[in-house]
J.: 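I'd like to ask you about the structure that follows.
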Amino acid sequence: MLLGVNIDHVATLRNARGELEPSVIEAAQVCIKAGANGITAHLREDRRHIVDYDVFAIKNDLKCKLNLEMAATYEMKKIALEILPYSCCIVPENRQEITTEGGLDVYSQPGKIKEYVKPLIEAGIQVSLFIDPERNQVSAAAETGAQFIELHTGAFSRAYGKSNEDIEFKKLKQAASFAHLLGLKVNAGHGLNYQNVSKMHDIDGLYELNIGHSIISRAIFTGLDCAVSEMLSLVNKN
Ligand code: PXP
């Protein structure tokens, strides 16, 4: 499995003071040097953490694999086509939410999503749809032309160590295997941490995990390079 490090919360800390520290681009550099396979950044409509120049700098100066998370809006499509990141992960966005709460509802709008992602795919961008681990969402995602889905692991992460852990885990496993049957590549992310991430090895064929909050949190105590290396050793473990 590959590891994409989500660096949104480096920007959260920077924006808390409205200054330039900590540097998002420097953080991305450290992650890549520590062995991360790519950098994920969510350019939200309200620019609450990552801002436009962060994603342009990651793509143009760092030249690493950038996974741009974004809502399915006209503005974001325009930016993505300008930046041409390695991949775009389409997420739902709600102004009031603290973080991405649920998956994208592809099932009720497959035609709209298909039309939205078409120019991104034609521009050579790998497109991923962030969905809940539900059969109808997976089959709708397969109709859109997107090459990837990213399974929302938030419910599993919240259930970890509790009585409903197995139920939530089974949903992920079944959704991943159904997606593979339909020819989709499968990523996963949200709420994964140093305790629960090893369970992802029990899901066959996962391609990449996108992990942010737990890595940036640990970095406060260990340094970012150690936090990334430690996560990588768990992600790469067979
Ligand atoms: N994947 C997606 C699509 C997300 O929206 C997020 C959160 O921004 C993550 C992964 C990373 O989640 P976390 O910060 O909880 O690791």
Side-chain angles (χ1 to χ4, degrees), residues 1-13 15 24 27-28 31 36-51 54-55 58 65-73 76 80 85-106 113 117 126-133 137 141 146 148-160 168 172 175-176 179 185-200 206-220 224 227-228 230-232 234-235:
M1 269 186 297
L2 303 180
L3 172 66
V5 178
N6 180 314
I7 51 160
D8 293 351
H9 297 306
V10 176
T12 302
L13 192 56
N15 298 357
V24 167
C31 293
N37 305 98
I39 297 296
T40 292
H42 185 174
L43 186 64
R44 294 187 80 106
E45 185 196 5
D46 62 8
R47 309 299 198 270
R48 68 171 73 154
H49 38 56
I50 292 293
V51 296
D54 293 323
V55 277
I58 294 165
K65 211 175 105 184
L66 168 65
N67 175 36
L68 178 64
E69 279 181 18
M70 59 187 225
T73 63
M76 288 301 151
Y86 175 81
S87 56
C88 280
C89 180
I90 314 298
V91 301
E93 218 174 88
N94 163 6
R95 255 182 195 238
Q96 307 307 322
E97 68 190 358
I98 293 173
T99 182
T100 316
E101 280 163 3
L104 185 70
D105 183 7
V106 188
I113 300 293
V117 300
Q126 302 286 308
V127 172
S128 175
L129 304 177
F130 186 52
I131 58 171
D132 289 324
Q137 297 295 348
F148 281 85
I149 55 167
E150 178 169 326
L151 291 174
H152 196 317
T153 50
F156 159 75
S157 298
R158 280 192 303 277
Y160 186 74
E168 295 302 333
L172 291 170
K185 285 180 257 185
V186 184
N187 296 335
H190 210 285
L192 295 176
N193 59 33
Y194 296 83
Q195 288 74 46
N196 63 27
V197 73
S198 296
K199 279 290 276 187
M200 295 299 109
L206 279 187
Y207 187 81
E208 180 173 75
L209 302 179
N210 285 306
I211 307 180
H213 191 266
S214 60
I215 294 176
I216 305 306
S217 300
R218 179 163 294 209
I220 291 173
L224 186 54
V228 172
E230 272 184 71
M231 186 57 84
L232 269 170
L234 296 170
V235 169

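Computed over heavy atoms, backbone and side chain alike; hydrogens, waters and symmetry mates excluded. Read the numbers this way: they start at 1 and go in the same order the structure lists the ligands and their atoms.
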J.: Taking the minimum heavy-atom distance to atom 3 (C) of ligand 1, which of H42, R44, H9, E69 ranks first?
T.: E69
J.: If you measure from each non-hydrogen atom of H152 to ligand 1, which part falls under 4.0 Å: side chain, backbone, both or neither?
T.: neither
J.: Looking at K185 and E150, is there a salt bridge between them, counting it only when a charged N and a carboxylate O are closer than 4.0 Å?
T.: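 No, this pair does not count.
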J.: How close do S87 and N67 get, counting heavy atoms only, and between which atoms?
T.: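 Closest pair (atom of S87, atom of N67, distance): OG-OD1, 3.0 Å.
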J.: So which heavy atom in the protein is nearest atom 16 (O) of ligand 1, and how far is it from that ligand atom?
T.: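 Of every protein heavy atom, G212 N, 2.8 Å lies nearest to atom 16 (O) of ligand 1.
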J.: Could you tell me which non-hydrogen atom of L151 sits nearest to which non-hydrogen atom of I149, and how far apart they are?
T.: CD2-CD1, 3.7 Å
J.: Which heavy atom of A36 sits nearest to which heavy atom of V5, and what is that distance?
T.: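 Minimum heavy-atom separation between A36 and V5: CB-CG2, 3.7 Å.
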J.: For ligand 1, which atoms have a heavy atom of V91 less than 4.0 angstrom away?
T.: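 Listed by number with element, the hits are 3 (C).
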J.: What are the atoms of ligand 1, with element, lying closer than 4.0 Å to any heavy atom of G191?
T.: 12 (O), 13 (P), 15 (O), 16 (O)
J.: Checking contacts here: is it the side chain or the backbone of E150 that comes within 4.0 Å of ligand 1, counting heavy atoms only? Could be both or neither.
T.: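 The part of E150 near ligand 1 is the side chain, not the backbone.
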J.: For H213, counting its heavy atoms only, list the atoms of ligand 1 lying under 4.0 Å from any of them.
T.: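 Answer for ligand 1: 13 (P), 14 (O), 16 (O).
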J.: Aromatic rings F130 and H152: how do their planes relate, parallel, tilted or perpendicular, breaks at 30° and 60°?
T.: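 Answer is parallel, since the angle falls under 30°.
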J.: Distance under 4.0 Å to a non-hydrogen atom of N210: what atoms of ligand 1 satisfy this?
T.: 10 (C), 11 (C)
J.: Can you find a side-chain donor-acceptor pair between Q137 and D105 that sits under 3.5 Å?
T.: yes
J.: Could you go step by step and tell me if E168 and K199 meet the salt bridge (Lys or Arg N to Asp or Glu O under 4.0 Å) rule?
T.: CA-CA 12 Å; E168 295 302 333; K199 279 290 276 187; over 6 Å; no
J.: Against heavy atoms of D8, which atoms of ligand 1 measure under 4.0 Å?
T.: 8 (O)
J.: Looking at atom 7 (C) of ligand 1, what's its closest protein heavy atom, distance included?
T.: H190 CD2, 3.7 Å
